[in-house]
Amino acid sequence: MKHPKHQVIIKFLILCSILISYFAYLTYQYDLLTGGVAALITWSFFVLCTPVADAGFLLDFPLRLLFGIRMVVSEVVVWAIAISVNTLALLYFRDFYQTTMLTRLMEAILTTPFPYWFVIILSGIGTFLSIRFGDELMDVLHHRDREYFHSNHFKYELVLVVFFIFVLFGYYELIASLGINIKGE
């Protein structure tokens, strides 16, 4: 059986290869600059506009396992990078938002503060709740804060689950108002 750190490295490399393949495809379709910017905007969409730590998880979990950096800290850095990418893209590379459906959707969300910035707010809440839960789970697995976690486990988890359900419901309603069909029908 493989060691968990080896599995994390393999998964990280697979995710990186998917991102590099997507960048290569966009570069082939357009050019190097357009492909690079469009790939970064797409990555930032998954960071800023999904209520779980998915694109940020590319870095968060491996950094936690390999170096002990708390996932919430690395996720804050990931969000700062994603916000910076979009700030620069909106200022200097606005045309590149027209390359894919996700980049066009990202531009619509960013340029329509009400109500679509709530997608980003709800995504942030959902992401940081899931990251916090992941950090606490890692702490419990490593026997840190075990007594606190077990003594307050039910109340704390119930509040998190109810709040996360609220976030997902609000997110679903906002995404539906953008005309996106999540069910794939």
Seminar exercise, completed: Rounding to 0.5 Å, atoms CG (Leu33) and CZ (Phe93) come to a distance of 5.0 Å
For this session: To the nearest 0.5 angstrom, please state how far the CD1 atom of Ile120 sits from the CG atom of Leu110.
Result: 5.0 Å
Problem set entry | Heavy-atom donor-acceptor pair, Thr127 side chain to Thr50 backbone, under 3.5 Å | yes
Exercise. Under the 3.5 angstrom rule, does the side chain of Thr103 hit a backbone N or O of Thr100 as a donor-acceptor pair?
Worked result: yes
Exercise. Among the clusters formed by ILVMFWY side chains lying less than 4.5 Å apart, do Tyr25 and Phe45 turn up in the same one?
Worked result: no
For this session: Identify, with sequence neighbours excluded, every residue that meets side-chain hydrogen bond (donor to acceptor under 3.5 Å, both in side chains) alongside Arg104.
Result: none
Exercise. To the nearest 0.5 Å, what is the distance between CG (Leu102) and CH2 (Trp43)?
Worked result: 14.5 Å
Exercise. Where does the angle between the aromatic ring planes of Phe118 and Phe114 fall among parallel (under 30°), tilted (30 to 60°) and perpendicular (over 60°)?
Worked result: perpendicular
Problem set entry | Interatomic distance, Met106 atom CE to Ile109 atom CD1 [nearest 0.5 angstrom] | 6.5 Å
Problem set entry | Check: Phe96 and Leu40 side chains under 4.5 Å, non-hydrogen atoms | no
Exercise. Taking side chain as C-beta onward, heavy atoms only, is Leu48 less than 4.5 Å from Trp117?
Worked result: no
Problem set entry | Same apolar cluster (I L V M F W Y, side chains within < 4.5 Å links), Phe46/Tyr22 | no
Problem set entry | In one Ile/Leu/Val/Met/Phe/Trp/Tyr side-chain cluster, 4.5 Å: Val47, Phe23 | no
Exercise. Are the side chain of Ser44 and the backbone of Ile41 linked by a donor-acceptor contact shorter than 3.5 Å?
Worked result: yes
Exercise. How far does CG of Leu26 sit from OG1 of Thr34, to the nearest 0.5 angstrom?
Worked result: 9.5 Å
Problem set entry | Pair Thr99-Tyr30, side-chain donor/acceptor within less than 3.5 Å | no
Problem set entry | Nearest-0.5 Å distance, OG1 of residue Thr42 to OH of residue Tyr97 | 10.0 Å
Problem set entry | Matching residue for Tyr92 among Asp95, Leu88, Leu90 - test: side chain to side chain contact (heavy atoms under 4.5 Å, CB included) | Leu88
Exercise. Do Leu122 and Val76 share a hydrophobic cluster (ILVMFWY, side-chain heavy atoms under 4.5 Å, transitive)?
Worked result: yes
